[in-house]
Visitor: 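The structure that follows is given in the form of structure tokens.
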Amino acid sequence: MNAVEIEEAVSDLVLQPFDAAEFPFQFITAFGAKKATVDRLRKGDTNQSDVGGVLQRNNIHIGIAPAGEVAETLARLRASPKTASAKAKFLIATDGETVEAEDLIGGDVVACAYADLPRHFAMFLPLAGISTVKEIKNNPIDVKATGRLNKLYVELLKDNPDWATEDRRHELNQFMARLIFCFFAEDTGIFREHQFTETITQMSHAAHGSGEEQWGNTHEVLTELFRAMDTPVTHEGNLDPRYRQAANIRPYADAFPYVNGGLFTGAVDAPRFSRTARAYLLRAGELDWKEINPDIFGSMIQAVAEDDERGELGMHYTSVPNILKVLNPLFLDDLREQLEAAGDSKQKLRNLRKRLGNIRVFDPACGSGNFLVIAYKQMRAIEAEIVTRLGGEASLKLAERRSAIPLSNFYGIEIKGFAAEVARLALLIAEFQADCLYLSQQEARAMVLPLHKTGQITIGNALRLDWLEVCPPVGATLAEEVDLAGPTGRLALEDNGLDEGGRVETYICGNPPYAGYNKQSSSQKEDLAHVFSPLIKRWGNLDYVAGWFANAARYLDHTGGGAAFVSTNTISQGGQVPVLWPLILSLRQQIGFAHTSFKWSNLAAHNAGITVIIVGIRPVSAAPAILFEEGPEGTTVRRIDNINGYLAPARDIFVKPSSVAVSNLAKMNFGNHPYYAADLILSQQEARALVIEDSRVAAFLRPYYGSTEVIYGTPRICIWVNDADAEQAAAIPTLQRRFDSVRADRVAKPDDSSASALVSFPYRFRDQVESKQYFIAVPQTSSENRPYLPCDLIAAPAVVSFKCFAIHDAPLWNLALVASRLHWVWIGAVCARLEMRFSYSNTLGWNTFPVPKLTEQDKADLTRTAENILLAREAHFPATIADLYDPDAMPDDLRRAHEENDEVLERIFIGRRFRNDTERLERLFDLYTKMTANAGTKGMATKKSKVA
DNA sequence: AATCCGACACCCG
DNA sequence: CGGGTGTCGGATT
């Protein structure tokens with residue numbers, strides 16, 4: 001359940017007659033408890049209450065109070081030893097009249113009428129596994145508003161199928177935006193209080209009957225109201241039909257002011273309202289909209305249109321803390337520093353205010369405008385401090401009191417019409433609220449109508465549009481835009497004396513969509529081709545988000561300023577790094593700041609499973625770069641010379657995949673890829689059953705190792721048939737059946753040429769590589785929490801799957817390298833990761849691993865330390881690698897064996913142990929650079945992706 | 001002809 | 001039911 005559904009469930013609960021026996025179960029059900037959980041609690045199996053209530057372990061202790069003894073009951077719950085021992089997070093007591101509750105972790109306390117419980121539902125959200133964040137806790141209004149609008153939207157679409165078409169969808173979006181504005185206006189004094197909802201209640205009648213009559217007249221009333229808001233109030237005797245008198249506006253509508261500002265121009269129709277839709281409309285109007293939080297509301301409201309929107313672009317809402325991680329280092333911190341430096345100097349303060357008015361914020365994936373709204377609010381806060389230091393509003397001329405920050409400085413690109421509409425509106429609301437806060441409600445109201453120019457949101461595909469046209473780099477444009485606002489709009493710059501010589505700064509920000517190369521749709525691939533094909537030859541492995549970085553770099557190359565996005569961390573890893581970041585450098589941009597990988601989270605019920613980074617780019621400069629390193633202990637900040645494409649504090653280096661090792665290492669093979677040969681892979685039970693069925697099968701079975709099998713020491717079994725034995729194997733019916741099935745799977749992929757080519761070889765995997773005696777196995781994916789990479793020595797005839805790399809029949813000192821801390825550091829730095837997991841690669845990690853030339857003595861030493869590692873493991877038989885390398889429980893002898901191994905290897909590198917991993921990585925980067933500098937003579941097989 | 005990566009997928013405590 | 005940890009497919013070089 002998400003927060004919206006929970007709010008509805010709690011609201012429904014308190015509307016029903018109070019049932020003392022059932023309330024505890026109804027309550028936890030409202031927060032998403034499963035039926036089985038509730039049944040067990042009801043039966044008493046899991047109910048741990050010792051005071052006659054209901055106690056759900058790790059969650060809540062609920063007490064039903066005798067009438068009038070709610071406080072006493074809560075005290076009993078609090079005093080109950082079981083409350084603590086069962087780790088209850090919440091207490092709640094009620095008699096059906098009043099409710100008292102306590103959040104034992106957060107410390108919040110609530111006492112209210114039973115019927116008001118829904119107003120406090122957010123406090124209990126942890127019960128549903130939703131961690132509360134300040135925004136939602138303080139503003140259940142946003143959740144309610146979203147739920148009600150969502151229902152209205154769906155209902156309107158159902159009743160007005162003709163509005164579901166491509167063209168009219170825009171009209172419906174605009175219609176919804178108008179409604180939101182009107183709700184907001186009637187609760188904030190822009191209209192008379194409740195004027196809009198009351199007018200609809202009185203003037204429209206609910207639908208009834210059939211035929212046309214079944215729709216009632218709600219749509220006609222709304223059309224008339226909106227027509228009035230689009231018609232200026234007349235001057236006496238003026239018969240121009242554009243004005244009210246001549247336009248024949250009905251009296252009930254004439255009471256509304258002229259709003260316009262683009263919001264009410266265009267289509268005049270309203271959709272038809274069924275009885276249900278009208279009810280939803282009025283219920284939405286009942287909410288107190290002045291508390292709306294435009295930054296989070298906008299994102300939540302996107303859910304309104306979500307079900308029916310085809311694309312998923314811009315759907316992922318960025319939390320406010322994460323937005324600030326982008327905006328603060330991008331430009332807000334600098335403004336604050338300048339404010340600090342200005343002290344009380346009037347001249348400096350005026351200059352800073354002038355600068356604020358010349359800053360443009362541009363979000364080329366703006367969705368409903370979160371980043372723009374937060375940026376606006378932060379800038380207004382800074383401006384307010386300037387005004388205070390200038391002596392407060394009272395000392396300023398009227399013209400100077402008004403904000404110097406025009407909404408028209410806020411630019412966006414958004415592919416979805418509804419979101420764009422919400423973004424424009426959210427900015428207007430943010431401005432109105434800022435005016436209320438920093439000027440006065442009265443002035444804010446006086447200035448808001450008619451609506452003036454808002455953010456300039458272009459509807460379209462950000463990878464197809466020319467950003468220089470969407471947000472033109474010309475300084476003159478700015479003044480022009482502001483003039484358009486007219487006398488009632490934002491203050492023209494000249495009035496404040498703010499324009500002269502003002503340099504326009506543009507900051508690009510946002511959270512664009514992510515899609516890895518093997519998840520991209522064909523149109524997304526075309527988008528990337530459009531961006532990258534003029535720039536570089538090979539771009540096919542880039543994530544969709546890389547298109548935004550490339551466009552931003554090109555834009556900044558024309559305008560200066562800066563750009564920062566939240567991004568999937570994959571663009572700073574593995575094969576994407578040597579493609580994307582040399583291009584950014586060639587466009588004369590560099591990384592100015594970055595946050596290293598952290599887990600994505602927001603208020604959504606189901607968070608996207610993704611790990612993200614934040615990267616800011618800027619024109620190349622000598623200024624220090626700022627690296628925010630995210631660790632388990634929190635975030636550390638470093639000012640350093642350079643941040644490279646791996647987000648490492650080191651000079652620019654690009655490790656390209658290589659098919660041959662740059663050092664003198666043994667060859668490491670990619671594992672055997674089945675390619676639609678699932679029926680050749682068996683569990684140990686299946687394999688036994690097969691042998692029982694026909695003992696001849698045994699000759700064709702091999703232990704089969706992927707990542708899991710190596711780490712847990714338990715192989716699966718595969719059917720392994722060499723070409724020479726194919727006929728003999730096919731003569732065994734139980735094998736033949738499996739071969740038929742493999743053939744069918746491959747035939748079913750006619751478009752996959754690799755699969756087609758294998759149709760005639762259904763008895764084997766695509767690859768068939770095996771060892772003579774043994775191999776060193778290196779799992780493809782493994783946890784990042786172990787202090788060393790997992791690897792093992794495994795005897796033939798076992799084989800590896802494509803989830804495991806193998807060095808066949810090679811000297812053991814190779815294992816010493818794989819198992820070294822240096823290799824752990826290198827793989828972690830230059831290979832891709834799955835989230836944070838290690839994702840091993842032979843081409844990116846093994847073949848590129850820089851190692852000084854090893855003498856025979858070195859090799860002998862490393863062979864010995866490798867043997868010691870294996871011996872130490874054996875001493876703990878049958879412990880698995882997972883057991884042995886548990887970061888909290890690694891046996892001392894094994895740890896010593898690794899220390900010794902590292903000691904020997906690191907002496908070969910620098911004659912002593914490295915101090916830490918940072919020093920290791922620096923040395924590895926240096927050595928790699930040296931070793932690949934004269935690659936031509938070494939026969940390196942790198943292919944350079946040429947930068948145009 | 002071989003490999004990279006997942007706005008993930010799944011498993012087990 | 002969510003933190004911990006690696007499958008499997010299929011586009012790409």
Side-chain angles (χ1 to χ4, degrees), chain A residues 1 32-34 36-37 58-59 127-131 312-318 511-522 525 537-545 566-571 573-576 579 599-602 604-612 656-659 668-678 681 706-712 716 745 749 751-755 757-758 766-767 769 779-786 790 801-805 831-847 882 886-887 941-943 945:
Chain A
M1 281 174 93
K34 287 193 169 11
T37 311
N58 291 325
N59 274 319
L127 290 177
I130 300 173
S131 55
E312 289 119 28
L313 299 186
M315 270 310 174
H316 297 81
Y317 146 58
T318 316
N511 176 14
Y514 323 144
Y517 74 87
N518 51 5
K519 305 254 175 159
Q520 287 159 13
S521 69
S522 52
K525 285 189 199 303
K537 279 190 180 156
R538 302 181 184 283
W539 45 268
N541 67 343
L542 291 177
D543 192 281
Y544 194 48
V545 74
V566 184
S567 164
T568 169
N569 63 354
T570 57
I571 63 161
Q573 297 168 356
Q576 295 193 50
V579 178
K599 214 161 176 45
W600 172 266
S601 75
N602 61 17
H606 298 289
N607 267 334
I610 178 75
T611 300
V612 292
K656 300 187 184 76
S658 168
S659 56
M668 181 184 286
N669 277 315
F670 189 79
N672 298 297
H673 201 302
Y675 233 86
Y676 303 104
I681 302 166
S707 298
T708 314
E709 290 78 15
V710 172
I711 291 168
Y712 295 93
R716 282 184 286 175
D745 289 348
K749 298 282 173 183
D751 296 338
D752 185 331
S753 59
S754 303
L758 289 164
R766 185 191 66 188
D767 313 310
V769 181
Q780 195 268 329
T781 314
S782 66
S783 168
E784 75 278 23
N785 294 323
R786 301 187 182 104
S801 86
F802 70 138
K803 295 286 88 188
C804 190
F805 296 89
C831 284
R833 289 176 181 242
L834 205 180
E835 296 279 301
M836 296 295 279
R837 297 331 132 269
F838 287 109
S839 184
Y840 200 92
S841 157
N842 53 351
T843 58
L844 276 166
W846 178 253
N847 291 344
D886 180 334
T942 56
K943 287 173 194 150
S945 49

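Keep in mind that what you see is a predicted model, and the values were worked out from it rather than measured. Side chains are part of it too, since the values below use all heavy atoms of this structure and drop only hydrogens, waters and symmetry mates. Every chain is numbered from 1 and lettered A, B, ... according to where its sequence line falls, protein lines coming before strand lines.
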Visitor: Go through the structure and list residues passing salt bridge (Lys or Arg N to Asp or Glu O under 4.0 Å) with R833(A), not counting sequence neighbours.
Guide: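 For R833(A) there are no salt bridge (Lys or Arg N to Asp or Glu O under 4.0 Å) partners, ignoring immediate neighbours.
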Visitor: Please give the distance between the C1' atoms of dA7(B) and dT13(C) as a whole number of Å.
Guide: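 Straight-line distance between the two C1' atoms is 25 Å.
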Visitor: Counting heavy atoms from C-beta on, name the nucleotide in dA7(B), dC8(C), dG9(C) closest to the side chain of R716(A).
Guide: dC8(C)
Visitor: Starting at atom CZ of F802(A), determine the distance to atom C1' of dG9(C), rounded to an integer number of angstrom.
Guide: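 So the CZ-C1' distance, F802(A) to dG9(C), works out to 7 Å.
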Visitor: Within less than 4.0 Å of OP1 or OP2 of dG4(C), is there a side-chain N or O belonging to R786(A)?
Guide: no
Visitor: Taking only the side-chain nitrogens and oxygens of K749(A), find out if one of them lies under 4.0 Å from OP1 or OP2 of dG10(C).
Guide: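 It does, given that an N or O in the side chain of K749(A) lies less than 4.0 Å from OP1 or OP2 of dG10(C).
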Visitor: Check every strand shown and say whether T708(A) touches a base, only sugar-phosphate, or nothing at a heavy-atom separation below 4.0 Å.
Guide: sugar-phosphate
Visitor: Would you say dG6(C) has OP1 or OP2 under 4.0 Å from some side-chain N or O of Y712(A)?
Guide: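 Yes.
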Visitor: Just call it for N842(A): base, sugar-phosphate, or nothing, with non-hydrogen atoms closer than 4.0 Å on any strand.
Guide: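 The answer is sugar-phosphate, as N842(A) gets under 4.0 Å only of primed atoms, P, OP1 or OP2.
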Visitor: Within the 4.0 Å heavy-atom criterion, would you say F838(A) contacts the bases, only the backbone, or no part of the nucleic acid?
Guide: nothing
Visitor: Just checking E835(A): base, sugar-phosphate only, or nothing, at a heavy-atom cut-off of under 4.0 Å?
Guide: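 Touches a base.
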Visitor: Rounding to an integer number of angstrom, what distance separates dC12(B) and dC8(C) when you compare their P atoms?
Guide: 13 Å
Visitor: When rounded to the nearest Å, what value does the distance between C1' atoms of dA9(B) and dC5(B) take?
Guide: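 Result for the C1' pair: 14 Å, nearest Å.
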Visitor: Please determine whether a side-chain nitrogen or oxygen atom of N541(A) lies at a distance below 4.0 Å from atom OP1 or OP2 of dA11(C).
Guide: no
Visitor: Does dG6(C) have OP1 or OP2 under 4.0 Å away from a side-chain N or O of T781(A)?
Guide: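 The answer is no; no side-chain N or O of T781(A) sits under 4.0 Å from OP1 or OP2.
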Visitor: Using a heavy-atom cut-off of under 4.0 Å over every strand shown, decide if N785(A) touches base, sugar-phosphate, or nothing.
Guide: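 Sugar-phosphate: the residue N785(A), judged by heavy atoms under 4.0 Å, touches backbone atoms but no base.
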Visitor: For DNA chain B, produce a single dot-bracket line, 5' to 3'. Pairs: Watson-Crick or G-U wobble, both distances under 3.5 Å. Symbols: ( ) within strand, [ ] crossing, | other strand, . unpaired.
Guide: ||||||.||||||
Visitor: Considering only dT7(C), dT3(B), dA11(C), which nucleotide approaches the side chain of H673(A) most closely?
Guide: dT3(B)
Visitor: For the residue pair Y675(A) and D767(A), confirm or rule out a side-chain donor-acceptor distance under 3.5 Å.
Guide: no
Visitor: Is it true that T568(A) and D543(A) share a donor-acceptor pair across their side chains at a distance under 3.5 Å?
Guide: no
Visitor: State whether a side-chain donor-acceptor pair under 3.5 Å links T611(A) with E835(A).
Guide: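 Side chains of T611(A) and E835(A): pair found under 3.5 Å.
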Visitor: Applying ring pair (Phe, Tyr, Trp, His ring centres under 6.0 Å), name anything that partners F805(A), two or more places apart in sequence or on another chain.
Guide: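 Per chain and number, F805(A) pairs via ring pair (Phe, Tyr, Trp, His ring centres under 6.0 Å) with F670(A), Y840(A).
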Visitor: Quick check: on DNA chain B, is the nucleotide nearest T568(A) upstream (toward 5') of the one nearest F670(A), or the reverse? Name the residue that is more 5'.
Guide: F670(A)
Visitor: Would one find a side-chain N or O of K519(A) under 4.0 angstrom from OP1 or OP2 of dG9(C)?
Guide: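 Negative; the distance criterion is not met.
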Visitor: Could you check whether any side-chain N or O of N672(A) sits under 3.5 Å from a backbone N or O of V769(A), counting only pairs where one atom can act as donor and the other as acceptor?
Guide: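 Yes.
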Visitor: Where the side chain of S754(A) is concerned, which of dA2(B), dG6(C), dC5(B) is the nearest nucleotide?
Guide: dA2(B)
Visitor: Taking C-beta and beyond as the side chain, do Q780(A) and C804(A) meet within less than 4.5 Å on heavy atoms?
Guide: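 They are not in contact (no side-chain heavy atoms under 4.5 Å apart), so the answer is no.
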